[in-house]
There are 2 protein chains.
Amino acid sequence: MPFKRTNPLALAVLALLSERPMHPYEMAQTMRERHQEEVIKLNYGSLYTVVESLHRHELITASATQKAGNRPERTVYAITDPGTTELHDWLRELIAVPATEYRRFEAGISLVGLMPPDDALAAVEQRSAGVDAQLTALAVLLERLAGMGLPQLAWIELDYRMAMLRAERAWLTWFATATRDGTVGGYSAWEDKHR
Amino acid sequence: MPFKRTNPLALAVLALLSERPMHPYEMAQTMRERHQEEVIKLNYGSLYTVVESLHRHELITASATQKAGNRPERTVYAITDPGTTELHDWLRELIAVPATEYRRFEAGISLVGLMPPDDALAAVEQRSAGVDAQLTALAVLLERLAGMGLPQLAWIELDYRMAMLRAERAWLTWFATATRDGTVGGYSAWEDKHR
DNA sequence: ACCGCTATATTCGGTGCCGAGTATTCGGGA
DNA sequence: TCCCGAATACTCGGCACCGAATATAGCGGT
């Protein structure tokens with residue numbers, strides 16, 4: 001059966017190996033250094049499973065098994081030509097096709113009617129504060145990265161995330177005021193149910 | 001070990017049972033009718049696993065095993081008091097605490113430098129069109145729901161989603177023009193690498 | 001009366017993901 | 001010199017998740 005594009009960690013592996021051959025642990029280190037783990041979930045168990053899967057599908061090859069010093073052997077992998085093709089195709093797909101993502105907040109807010117308006121308001125305000133904190137943290141980080149001379153393309157995903165967070169904050173603010181003022185559609189029924 | 005709040009489908013189950021007792025298949029039907037499956041991933045295999053897990057943790061009880069007609073027996077479940085508490089706590093957490101979600105598009109765009117600018121531009125424009133289509137589809141749906149007399153609270157999550165999609169479209173438009181004009185930071189190095 | 005289609009209701013084997021556990025080496029302080 | 005903790009490198013069992021398969025019941029048409 002063909003390779004399935006499920007775990008984005010496999011994409012990260014292909015991307016790293018497109019630079020130079022590496023062994024799995026080194027991939028993890030590199031991802032950490034570059035803060036890639038903030039964007040792609042990294043986890044040792046999954047890393048080795050994913051590498052093995054890529055190997056089975058011949059998208060990468062075991063180029064060498066070194067034994068430096070007396071450490072446990074480590075297998076160094078390299079990307080293959082089919083692997084490079086897969087990398088580019090997958091990348092294009094991820095960018096070009098908006099997939100249906102199930103966000104946890106959407107699940108929560110869709111059931112907000114189950115709690116009393118007061119509690120809901122408090123929860124939303126708490127989230128608002130949390131989003132605010134994330135925004136300032138991101139702004140600081142961007143400042144630092146720009147100060148280090150890194151080009152915008154190197155942290156373009158953070159730029160995107162900031163835009164999304166700002167939009168979320170705006171929506172949360174709207175919802176909070178609409179709840180406080182009782183102007184959200186269906187408010188009276190909502191209030192009545194919880195007393 | 002305690003119950004883990006991983007699969008939001010379990011939340012949906014608790015929410016449904018907070019209305020009235022049901023058997024699993026009925027939960028699935030109800031979720032479909034209410035379009036909840038657009039927000040919470042529904043899948044038969046997972047549904048039965050999740051129900052079993054909730055049962056093990058005594059958040060729901062098997063209230064009866066009917067055998068209507070000559071159909072296979074079906075187990076009807078009901079929510080317990082601890083289950084109700086769990087429902088409300090979980091709900092509050094989902095709304096109040098912004099969790100780190102790993103979005104597929106962020107993974108893709110963070111590696112956009114790996115493809116040539118022309119290809120990247122085409123991919124982004126394709127996504128833009130896709131997002132546009134989703135937005136108009138959502139607008140039509142909202143129109144219909146409002147026309148049916150449903151209060152805004154009943155489709156509040158779609159309102160949120162529209163806001164997010166609009167923000168994404170704006171960002172995509174910005175990125176597309178910045179790429180076309182070569183004004184995105186680090187453009188020259190990007191172009192140089194791919195020739 | 002019989003055929004076949006859809007709806008009802010659940011089971012089950014496979015797979016991928018997870019994170020705690022293991023084993024070794026290296027560097028630094030007393 | 002010896003010990004301890006951090007870093008290196010990977011392994012493994014468990015479990016949640018998935019979706020295709022199964023089995024029966026009702027219902028409309030000929």
Side-chain angles (χ1 to χ4, degrees), chain A residues 1-13 16 21-33 37 40-57 59-60 62-77 99-102 104 107, chain B residues 1-13 16 21-33 37 40-57 59-60 62-77 99-102 104 107:
Chain A
M1 57 191 139
F3 175 76
K4 278 181 187 168
R5 293 169 179 174
T6 47
N7 197 341
L9 185 55
L11 183 78
V13 168
L16 289 168
M22 285 189 195
H23 57 96
Y25 191 80
E26 193 184 355
M27 300 174 199
Q29 299 308 307
T30 316
M31 285 186 67
R32 292 249 149 91
E33 280 165 21
E37 48 163 356
I40 295 176
K41 185 151 67 183
L42 169 60
N43 152 325
Y44 285 102
S46 312
L47 178 59
Y48 285 87
T49 331
V50 145
V51 163
E52 196 201 319
S53 161
L54 288 170
H55 191 213
R56 264 206 321 277
H57 291 88
L59 301 174
I60 62 178
S63 73
T65 62
Q66 322 178 333
K67 202 176 173 179
N70 217 359
R71 306 243 195 81
E73 322 192 321
R74 28 182 225 184
T75 315
V76 176
Y77 293 91
T100 54
E101 312 230 29
Y102 296 89
R104 304 161 59 89
Chain B
M1 57 190 141
F3 175 74
K4 278 182 188 170
R5 293 168 180 176
T6 48
N7 197 342
L9 185 55
L11 182 77
V13 168
L16 289 168
M22 287 189 195
H23 56 97
Y25 189 80
E26 195 183 355
M27 300 174 198
Q29 299 309 305
T30 316
M31 284 186 68
R32 293 249 149 92
E33 279 165 22
E37 48 163 356
I40 295 174
K41 185 151 67 185
L42 168 60
N43 154 325
Y44 284 102
S46 312
L47 178 59
Y48 284 86
T49 335
V50 145
V51 163
E52 196 202 319
S53 161
L54 287 170
H55 190 215
R56 264 207 321 277
H57 291 88
L59 302 173
I60 62 178
S63 73
T65 61
Q66 322 178 332
K67 202 176 173 178
N70 218 356
R71 305 241 196 83
E73 327 192 316
R74 26 182 227 186
T75 317
V76 175
Y77 294 91
T100 55
E101 313 230 28
Y102 296 88
R104 304 161 59 87

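Order of the sequence lines fixes the chain letters, A, B, ..., with proteins taken first and strands second; residue numbering starts at 1 for each chain. All values derive from a computational prediction rather than experimental measurement. Below, all heavy atoms of this structure are taken into account, side chains as well, without hydrogens, waters or symmetry copies.
The side chain of A:His23 contributes no N or O atom lying less than 4.0 Å from OP1 or OP2 of D:dT8. Taking side-chain N and O atoms only, A:Tyr25 has no distance below 4.0 Å to OP1 or OP2 of D:dC10.
Taking atom OH of residue A:Tyr48 and atom P of nucleotide C:dT22, one finds them 17 Å apart after rounding to whole Å. Counting to the nearest Å, the C1' atom of D:dT8 and the CZ atom of A:Arg32 are 13 Å from each other. The separation between B:Arg5 atom CZ and D:dA16 atom C1' is 18 Å, rounded to whole Å. When rounded to the nearest whole Å, the span between CE of A:Met22 and C1' of D:dA9 equals 15 Å. One can place NE2 of B:His55 at 19 Å from C1' of D:dA16, the figure rounded to the nearest angstrom. Following rounding to the nearest Å, A:Glu52 (CD) and D:dC10 (P) show an atom-to-atom distance of 13 Å. What separates CZ of B:Arg74 from P of D:dA23 is a distance of 21 Å, to the nearest Å. Rounded to an integer number of Å, the gap from A:Lys4 NZ to C:dC17 P is 11 Å.
Aromatic ring centres of B:Tyr77 and B:His55 lie closer together than 6.0 Å.
Here the straight-line distance linking atom OG1 of A:Thr100 with atom NZ of B:Lys41 works out to 8.0 Å at 0.5 Å rounding. In this structure, CG in A:Leu9 is found 11.5 Å from OH in A:Tyr48, a value given to the nearest 0.5 Å.
Counting any heavy atom pair closer than 4.0 Å across all strands shown, A:Gln29 reaches sugar-phosphate atoms only and no base atom.
Taking the six-membered ring for Trp and thresholds of 30 and 60 degrees, A:His57 and A:Phe3 have ring planes more than 60 degrees apart, a perpendicular arrangement.
Not a single donor-acceptor pair under 3.5 Å links the side chain of A:Thr75 to the backbone N or O of A:Ala62. Under the 3.5 Å distance criterion, the side-chain polar atoms of B:Ser53 are left unmatched by any main-chain donor or acceptor of B:Thr49.
Listed by chain and number, the residues in a salt bridge (charged side-chain N to carboxylate O under 4.0 Å, His left out) with A:Glu37 are A:Arg32 (sequence neighbours excluded).
The B:Thr6 side chain lies nearest to D:dC17 when the options are D:dC17, C:dA7, D:dC10.
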With 3.5 Å as the limit, what N/O pairs link the protein to nucleotides 18-21 of chain C?
{"unit_1": "C:dC18", "atom_1": "OP1", "unit_2": "A:Lys41", "atom_2": "NZ", "d": "3.1"}
{"unit_1": "C:dC18", "atom_1": "OP2", "unit_2": "A:Ser46", "atom_2": "OG", "d": "2.6"}
{"unit_1": "C:dG19", "atom_1": "OP2", "unit_2": "A:Asn43", "atom_2": "ND2", "d": "2.9"}
{"unit_1": "C:dG19", "atom_1": "N7", "unit_2": "A:Asn43", "atom_2": "OD1", "d": "3.4"}
{"unit_1": "C:dG19", "atom_1": "N7", "unit_2": "A:Gly45", "atom_2": "N", "d": "3.4"}

